[in-house]
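Here the structure is a predicted model, which is why all the values come from computation and not from measurement.
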Amino acid sequence: MNNSDKDKELEDLRKTIELKEGQISTLNNTLKTKDDLIKTLQDSLGLKENQIKSKDQTIQELQQQVEESSGSTLDAAALEERDKKIAELEEEITVLNEELAAADEDIENLTEQLESGTRSAPTSTSSFHPFSDFTTISIKREALINKIKEILSKALHTVTISAPSIIDLQDLDLYEVKSSVNMKISCLIDPSLDEHIDLLEEFESLDNLNVRTYESGDRWVILRDGEELFFAACGTKEDNFLTFYTKDSNHIKLFNSLVMEAWLRSRKI
């Protein structure tokens, strides 16, 4: 091997190591951010649990007052005010319990992501590989929805969207998109289902939205203003998606045929 080949090999190795170090740094920052978020959620859980205990105690005290005064002549207005206060406290407790359940689910999802990130972290140069294997990767549907909504919120002129079903469009907040933004959407619409037809009528009431049926239901896509592309191919398992995101014009040009395929193969109901 001559010096030129050795230099090239060393340079390739250096770039590989730099890429690995960059990925490790990004992963560590992500893990720290999620750790901090879990800590914040746990603190919030503790606060809400204390609020629930306090409101429970207040309700018990009010009910005890009612029982103690049940044998005496009571002012009707005072009784009504007391009952109203108890009802308000019980409603607040219900809301707090719902928030607790949502926070518990967030913590569970973040913990799963942290564990997954730790397992997939590269540990040495010899085991490092710059390509992700999406065969068994688990990605929550909510993550796809949030990414599409994030891109959609920046739309200025046109967006092309694909979703597995018209039911999925309910989660994209399409009514909040500027009326000046033209939306072309392809998704499965089953004319035999009343829910699908009702949703179709709702979406067609928007002047800037054109929705067609695409029966394959095999992808999530959003292309914004020809500048930003997010693509997720549905896998065989429910939470398995092959995803990529890019703002590179060459990437978008290459994959535009996949974006437009769903729209061109779709039809009007």
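With a 4.5 Å cut-off on side-chain heavy atoms, Ser162 and Phe231 do not count as touching. Taking the side chain as every heavy atom from C-beta outward, Ile139 and Ile137 approach each other to under 4.5 Å. The side-chain heavy atoms of Val181 and His157, taken from C-beta on, include no pair separated by under 4.5 Å. No side-chain heavy atom of Asn240 sits under 4.5 Å from any side-chain heavy atom of Thr136. Within the 4.5 Å cutoff, the side chain of Thr213 has no heavy atoms near those of the Ser266 side chain. Proximity of Ser179 to Asp207: side-chain heavy atoms (C-beta onward) are nowhere separated by under 4.5 Å. With contacts defined as side-chain heavy-atom distances shorter than 4.5 Å, the pair Leu199/Ile167 qualifies. With contacts defined as side-chain heavy-atom distances shorter than 4.5 Å, the pair Leu169/Phe203 qualifies.
Checking side-chain atoms of Asn146 against main-chain N and O of Ala143 turns up no donor-acceptor pair under 3.5 Å. Judged by distance alone, with hydrogens and angles left aside, the side-chain atoms of Asp225 form no donor-acceptor pair with the main-chain N or O of Val159 at under 3.5 Å. Judged by distance alone, the side chain of Asp248 and the main-chain N or O of His251 form a donor-acceptor pair under 3.5 Å.
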Any chance you could lay out the side-chain contact (heavy atoms from CB on, under 4.5 Å) test for Ile161 and Trp220, step after step, and finish with the verdict?
CA-CA 7 Å; Ile161 296 173; Trp220 290 86; over 6 Å; no

Apply side-chain contact (heavy atoms from CB on, under 4.5 Å) to residues Ser249 and Glu227 and explain how you reach the verdict.
CA-CA 7 Å; Ser249 59; Glu227 299 175 354; over 6 Å; no

Full working for salt bridge (charged side-chain N to carboxylate O under 4.0 Å, His left out) between Arg219 and Glu261
CA-CA 11 Å; Arg219 70 195 71 184; Glu261 178 190 33; 3.0 Å; yes

Evaluation steps, side-chain contact (heavy atoms from CB on, under 4.5 Å), between Met183 and Leu174:
CA-CA 9 Å; Met183 293 182 282; Leu174 298 176; 4.0 Å; yes

Which is it for Gln170 and Glu195 under the side-chain contact (heavy atoms from CB on, under 4.5 Å) test, yes or no, and what are the steps along the way?
CA-CA 11 Å; Gln170 296 178 99; Glu195 184 179 10; 4.3 Å; yes

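Using a 4.0 Å cut-off between a side-chain N of Lys or Arg and a carboxylate O of Asp or Glu, Arg267 and Glu215 qualify as a salt bridge. A salt bridge is defined here as a Lys NZ or Arg NE, NH1 or NH2 lying under 4.0 Å from an Asp or Glu carboxylate O, and Glu228 with Lys154 meets this definition. The pair Lys268-Glu204 meets the salt-bridge criterion, since a charged nitrogen lies less than 4.0 angstrom from a carboxylate oxygen. The pair Asp171-Lys149 fails the salt-bridge criterion, with no side-chain N (NZ, NE, NH1 or NH2) lying under 4.0 Å from an Asp/Glu carboxylate O.
Atom-to-atom distance recorded for Glu176:CD and Ser153:OG is 10.0 Å, nearest 0.5 angstrom.
Leu188 and Ile148 fall into different hydrophobic clusters, where Ile, Leu, Val, Met, Phe, Trp and Tyr are joined by side-chain heavy atoms under 4.5 Å apart, directly or via other members. The hydrophobic cluster containing Phe241 also contains Ile222, counting ILVMFWY residues as joined when their side-chain heavy atoms lie under 4.5 angstrom apart, directly or transitively. With hydrophobic clusters built from ILVMFWY side chains whose heavy atoms lie under 4.5 angstrom apart, Leu209 shares a cluster with Ile145. The same ILVMFWY cluster, assembled from side-chain heavy atoms under 4.5 Å apart, contains both Leu152 and Ile166.
Alongside Trp263, the hydrophobic cluster contains Met260, Leu264 (criterion: ILVMFWY side chains under 4.5 Å).
Of the options Val221, Thr246, Leu144, Leu223, a side chain to side chain contact (heavy atoms under 4.5 Å, CB included) to Phe230 is made by Leu144 and by none of the others.
The aromatic rings of Phe244 and Phe255 are tilted relative to each other, their planes meeting at an angle between 30° and 60°.
Of all heavy-atom pairs between Gly217 and Cys234, the closest is O-SG, 4.1 Å. Taking all atoms of both residues into account, the shortest heavy-atom contact from Ile151 to Arg224 is O-CD, 3.2 Å. Contact detail for Lys178 and Leu156: the closest heavy-atom pair is NZ-CD2, 4.2 Å. Nearest heavy-atom pair across Cys187 and Val211 is SG-CG2, 4.0 Å. Closest heavy-atom contact between Leu254 and Ser257: O-OG, 3.8 Å. Thr243 and Ala232 get closest at one heavy-atom pair: CG2-CB, 3.6 Å.
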